[in-house]
Participant: 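Right, I'll just put the structure down here and ask away after.
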Amino acid sequence: QSSVLGTGSSILSALQDLSLALWPCRSKMEKQLQAMSVLQWIISFLVMGITCTVLLIYTFCTDCWLIAAIYIAWLILDWNTPKQGGRRSSWVRNWTVWTYYRDYFPIRLIKTHNLLPNRNYIFGYHPHGIFCFGAFCNFGTEATGFSKKFPGIRPSLATLAGNFRLPVLRDYLMSGGICPVNRNSIDYLLSCNGTGNAVVIVVGGAAESLHCAPGINAVTLKNRKGFVKLALQRGSDLVPVYSFGENDAYRQVIFEEGTWWRAMQKRLQKILGFAPCLFHGCGLFFGNSWGILPFCNPITTIVGEPITVPKIEEPTREMVDLYHAMYIKSLQSLFDKYKTRFGLNESDILYIQ
């Protein structure tokens, strides 16, 4: 009997040793899965639309031209869907790949106040960063548990309208509840889609991405008042949102104002709708090499206190300025309250550009 017990103990000990030996391999594999999940999103966002457009054109020149023709016909019929609430998919928003995406950085979502399902909201997201990693993870997926933290609220992250003119990419974005950042689509969500809608607008846009770099706490907001006017016209409450660590994802070469490179960036921004930034992250297999993967720095998104906004169909400039000033004050208070908890000093301030 003692020999049997001894054998059992030896087997148990051997299994424990084996699991400990395999743990580094499992941890490394998880890290690779996390990196691949982030990489697939970056590549999808950058090249999926263009690649699918080229493939669609090529298919017209083959024996499968009928498939391309049917898709084009459906695309024409479905053209206005992104501007009419889109076609979100709970299944896509809950993909396991987004949990790996979340854990790569990692990304966290912090709720400070309750949001009422019988109201509509406009979230102002700051800062833009390079790829808005925090905005997509928190509001384009359920990886950080938005629906559990804010029951009855449907988030719709607004992005470049041009993305919704590209085949396949448009459907991929809509499945996450992402919508075009234009008047028609936002108007529809806030006035024709019931209540409990939260449109997330990255207020600084492409212009802000040109200034993002580690250690820089600046937002482009001083002259951005369109979202405030829209909130007043629709009676939608304003909610400031700040992501600590968003600017730490990449290292960017920031060209000085007045230089030829800066002028070229601004010109391309007006033509393309986004800013061509010169940046780098880390490599896929070697963390100390340069690549397109972001650095593994934590991103913590704080959803602030809603500002109650009355419905005024024709707000005066003074009224817009008043609520714009209230929004800026609320955003600065949010930043000051949480900055020391997420790696900043008490002396750090938020610059409003």
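It should be emphasised that the depicted structure is a prediction, and the values quoted were computed from it without experimental measurement.
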Participant: Can you label the angle between the Tyr327 ring and the His126 ring as parallel, tilted or perpendicular, going by 30° and 60°?
Facilitator: tilted
Participant: Answer yes or no: does atom CD1 of Ile352 have more than 12 heavy-atom neighbours from other residues, nucleotides or ligands under 6.0 Å?
Facilitator: yes
Participant: Which is it for Met174 and Phe164 under the side chain to side chain contact (heavy atoms under 4.5 Å, CB included) test, yes or no, and what are the steps along the way?
Facilitator: CA-CA 9 Å; Met174 281 194 292; Phe164 296 89; 3.9 Å; yes
Participant: Does Lys31 make a cation-pi contact with Tyr104 (under 6.0 Å, within 45 degrees of the axis)?
Facilitator: yes
Participant: Taking the side chain as C-beta and beyond, is there a heavy-atom pair between Gln34 and Val38 under 4.5 Å?
Facilitator: no
Participant: How far does OG1 of Thr144 sit from CG of Leu109, to the nearest 0.5 angstrom?
Facilitator: 4.5 Å
Participant: Does atom NZ of Lys229 have more than 12 heavy-atom neighbours, drawn from other residues, nucleotides or ligands, at distances under 6.0 Å?
Facilitator: no
Participant: More than 12 heavy atoms of other residues, nucleotides or ligands under 6.0 Å from OH of Tyr351: yes or no?
Facilitator: no
Participant: Under 4.5 Å between any side-chain heavy atoms of Phe131 and Leu46, yes or no?
Facilitator: yes
Participant: Ile299 and Gly134: which non-hydrogen atoms are nearest, and at how many Å?
Facilitator: CG2-CA, 4.1 Å
Participant: According to a 4.5 Å side-chain heavy-atom criterion applied to Ile, Leu, Val, Met, Phe, Trp and Tyr, with indirect links allowed, do Tyr242 and Ile107 form part of one hydrophobic cluster?
Facilitator: no
Participant: Can you find a heavy atom in the side chain of Cys212 that is under 4.5 Å from one in the side chain of Gln252?
Facilitator: yes
Participant: Which pair of non-hydrogen atoms, one from Ala231 and one from Leu238, has the smallest distance, and what is that distance?
Facilitator: CB-CD2, 3.7 Å
Participant: Testing the basics here: between Leu189 and Gly85, what is the closest heavy-atom pair and its distance to 0.1 Å?
Facilitator: CD2-CA, 3.9 Å
Participant: Evaluate whether atom CZ of Arg108 has more than 12 neighbouring non-hydrogen atoms of other residues, nucleotides or ligands under 6.0 angstrom away.
Facilitator: no
Participant: Within the structure provided, determine whether Arg88 and Pro155 are in side-chain contact (heavy-atom separation under 4.5 Å).
Facilitator: yes
Participant: Please identify which of these residues, Arg102, Arg93, Lys148, meets the side chain to side chain donor-acceptor pair (under 3.5 Å) condition with Glu142.
Facilitator: Arg93
Participant: Taking everything shown except Met326 itself, do over 12 heavy atoms lie less than 6.0 Å from its CE?
Facilitator: yes
Participant: Contact between Leu116 and Tyr121 at the side-chain level, heavy atoms closer than 4.5 Å - yes or no?
Facilitator: yes
Participant: Of the options Asp187, Asn120, Ile122, Ile186, which is the one that meets Arg234 in a side chain to side chain contact (heavy atoms under 4.5 Å, CB included)?
Facilitator: Asp187
Participant: Are a donor atom and an acceptor atom from the side chains of Arg170 and Thr81 found within less than 3.5 Å of each other?
Facilitator: no
Participant: For Asn118, does the CG atom have more than 12 heavy-atom neighbours from other residues, nucleotides or ligands under 6.0 Å away?
Facilitator: yes
Participant: When you compare the side chain of Pro240 with that of Ser330, does any pair of heavy atoms fall below 4.5 Å?
Facilitator: yes
Participant: Please walk me through it: do Ile302 and Phe342 pass side chain to side chain contact (heavy atoms under 4.5 Å, CB included)?
Facilitator: CA-CA 11 Å; Ile302 316 291; Phe342 302 109; 3.8 Å; yes
Participant: Report the residue from Phe136, Tyr100, Phe133 that forms a ring-ring contact (aromatic ring centres under 6.0 Å, His included) with Trp41.
Facilitator: Phe136
Participant: Is a side-chain N or O of Tyr250 found less than 3.5 angstrom from the main chain of Phe279, in a donor-acceptor match?
Facilitator: no
Participant: Please assess Leu221 against Phe227 for the test side chain to side chain contact (heavy atoms under 4.5 Å, CB included), listing each intermediate value before the final yes or no.
Facilitator: CA-CA 11 Å; Leu221 180 59; Phe227 73 105; 3.9 Å; yes
Participant: Working to the nearest 0.5 angstrom, can you tell me the gap between Gln32 CD and Leu39 CG?
Facilitator: 10.5 Å
Participant: Give the intermediate values and the outcome of salt bridge (charged side-chain N to carboxylate O under 4.0 Å, His left out) for residues Arg119 and Asp237.
Facilitator: CA-CA 7 Å; Arg119 297 284 294 173; Asp237 296 345; 2.5 Å; yes
Participant: Should the heavy atoms of other residues, nucleotides or ligands under 6.0 Å from CH2 of Trp74 be counted, would the total exceed 12?
Facilitator: yes
Participant: Heavy atoms only: give me the nearest Ser209-His128 pair and the separation to one decimal.
Facilitator: CB-ND1, 3.6 Å
Participant: Carefully, step by step, assess Trp95 and Val92 under the rule side chain to side chain contact (heavy atoms under 4.5 Å, CB included).
Facilitator: CA-CA 5 Å; Trp95 276 355; Val92 174; 3.9 Å; yes
Participant: Check whether any side-chain heavy atom of Tyr338 sits under 4.5 Å from a side-chain heavy atom of Thr112, and report yes or no.
Facilitator: yes
Participant: Is NZ or CZ of Lys111 both nearer than 6.0 Å to the six-membered ring centre of Phe150 and within 45° of the ring axis?
Facilitator: yes
Participant: Is there side-chain contact between Val219 and Phe335, with heavy atoms separated by less than 4.5 Å?
Facilitator: no
Participant: Counting only N and O atoms by type, is there a donor-acceptor contact under 3.5 Å from the side chain of Thr195 to the main-chain atoms of Pro117?
Facilitator: yes
Participant: Compare every heavy atom of Gly304 with every heavy atom of Val239, then report the nearest pair and how far apart it is.
Facilitator: CG1-O, 3.5 Å
